[in-house]
Visitor: 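The structure follows.
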Amino acid sequence: MGRGKGETPSGDDLLVGLLSVDTAYPILSTKVRRMLMKLIMNENLTTDISNAYLKVALSHQFSTSINGLLKELTKNKTTTSEMGHFLTALSKTGHTSGLDTLTGMILGLFIKEKQVSEEEK
């Protein structure tokens with residue numbers, strides 16, 4: 001936490017993206033989520049704004065753009081225009097926050113796919 005510049009450091013935005021994917025596809029252990037909450041509540045590792053975003057992310061609450069993108073990702077059949085709309089909206093958030101959040105979401109999707117491929121072995 002607190003890695004990067006700005007009101008919401010890049011590392012924190014990445015964590016929000018990762019936590020959003022964890023809401024749709026449980027990829028993180030409860031131990032990881034508990035550890036993050038403990039750090040947020042007990043340590044001063046990041047900005048107040050980022051700390052608040054991380055708290056609500058741990059409570060499975062996200063922006064309209066993130067929620068819309070997650071909804072499209074979890075559909076059996078996604079519409080390219082809707083997916084594009086939410087990707088564009090999220091990518092334009094903040095200076096780099098949206099792109100950092102998308103990076104976290106992509107990381108989460110890679111973790112999900114790795115878990116699925118390991119289960120199939």
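All values reported here derive from a predicted model rather than from experimental measurement.
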Visitor: Do Leu107 and Met35 belong to the same hydrophobic cluster, where Ile, Leu, Val, Met, Phe, Trp and Tyr are linked whenever their side-chain heavy atoms lie under 4.5 Å apart, directly or via other members?
Guide: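 Result: yes, single cluster for both.
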Visitor: Do Val32 and Leu14 sit in one hydrophobic cluster, given that two such residues count as connected whenever their side-chain heavy atoms are within less than 4.5 Å of each other, even indirectly?
Guide: yes
Visitor: How many angstroms lie between CG in Leu87 and NE2 in His85, if you round to the nearest 0.5 Å?
Guide: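 One finds 10.5 Å between CG of Leu87 and NE2 of His85.
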Visitor: Taking side chain as C-beta onward, heavy atoms only, is Leu18 less than 4.5 Å from Ile27?
Guide: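 Heavy-atom side-chain distance check passes, below 4.5 Å.
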Visitor: More than 12 heavy atoms of other residues, nucleotides or ligands under 6.0 Å from CD of Gln61: yes or no?
Guide: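 Yes.
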Visitor: Is Leu54 reachable from Met41 through a run of hydrophobic residues whose side-chain heavy atoms are each under 4.5 Å from the next?
Guide: yes
Visitor: In this structure, are over 12 heavy atoms from other groups packed under 6.0 Å from Asp48 atom CG?
Guide: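 Not buried by this count: 12 neighbours or fewer within 6.0 Å.
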Visitor: Taking side chain as C-beta onward, heavy atoms only, is His60 less than 4.5 Å from Leu19?
Guide: no
Visitor: Report yes or no: does Thr88 contribute a side-chain atom to a donor-acceptor pair with the main-chain N or O of Gly84 at less than 3.5 Å?
Guide: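 Indeed, once roles are kept as given, a pair shorter than 3.5 Å links the two residues.
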Visitor: Spell out, as yes or no, whether a donor-acceptor pair under 3.5 Å connects the side chain of Thr74 to the backbone of Lys71.
Guide: yes
Visitor: Heavy atoms only: give me the nearest Asp22-Leu28 pair and the separation to one decimal.
Guide: OD1-N, 2.8 Å
Visitor: Between atom CG of Leu90 and atom OG of Ser65, what is the distance when rounded to the nearest 0.5 Å?
Guide: 5.5 Å
Visitor: Donor-acceptor pair, Thr47 side chain versus Glu7 backbone, under 3.5 Å?
Guide: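 Between the backbone of Glu7 and the side chain of Thr47 there is a qualifying donor-acceptor contact (under 3.5 Å).
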Visitor: Nearest 0.5 angstrom please: Leu15 CG to Ser10 OG, how far?
Guide: 11.0 Å
Visitor: When you compare the side chains of Thr8 and Asp12, does any donor N or O come within less than 3.5 Å of an acceptor on the partner?
Guide: no
Visitor: Closest heavy-atom contact between Leu109 and Tyr25?
Guide: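 Taking every non-hydrogen atom into account, CD2-CE1, 4.2 Å.
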Visitor: Does Ile66 reach the side chain of Thr101, with side-chain heavy atoms less than 4.5 Å apart?
Guide: yes
Visitor: What distance separates Ser63 OG from Leu69 CG, expressed to the nearest 0.5 Å?
Guide: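 Taking OG in Ser63 and CG in Leu69, the distance rounds to 9.5 Å.
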Visitor: Output the distance between atom OG1 (Thr96) and atom CG (Leu102), rounded to the nearest 0.5 Å.
Guide: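 Atom-to-atom, Thr96:OG1 and Leu102:CG are 11.5 Å apart.
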Visitor: Which heavy atom in Asn67 sits nearest to a heavy atom in Phe62, and how many Å separate them?
Guide: ND2-O, 3.0 Å
Visitor: Report the C-alpha distance between Thr46 and Asn51 in whole Å, list the side-chain angles of each, state the deciding distance to 0.1 Å, and finish with yes or no for side chain to side chain donor-acceptor pair (under 3.5 Å).
Guide: CA-CA 6 Å; Thr46 191; Asn51 202 36; over 6 Å; no
Visitor: Can you name the nearest heavy-atom pair linking Leu70 to Met105, along with the distance?
Guide: CD2-CE, 3.8 Å
Visitor: So, for Met37 and Lys55, which heavy atoms are closest and what is the spacing to 0.1 Å?
Guide: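 Heavy atoms of Met37 and Lys55 come nearest at CE-O, 4.5 Å.
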Visitor: Count the heavy atoms of every other residue, nucleotide or ligand shown that sit under 6.0 Å from NE2 of His95, and state whether that count exceeds 12.
Guide: no
Visitor: Can you check whether Gly94's main-chain N or O pairs, donor with acceptor, with Ser97's side chain at less than 3.5 Å?
Guide: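 Such a contact is absent between Ser97 side chain and Gly94 backbone.
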Visitor: Taking all non-hydrogen atoms of both residues into account, name the closest pair between Gly108 and Val21 and its distance.
Guide: C-CG1, 3.7 Å
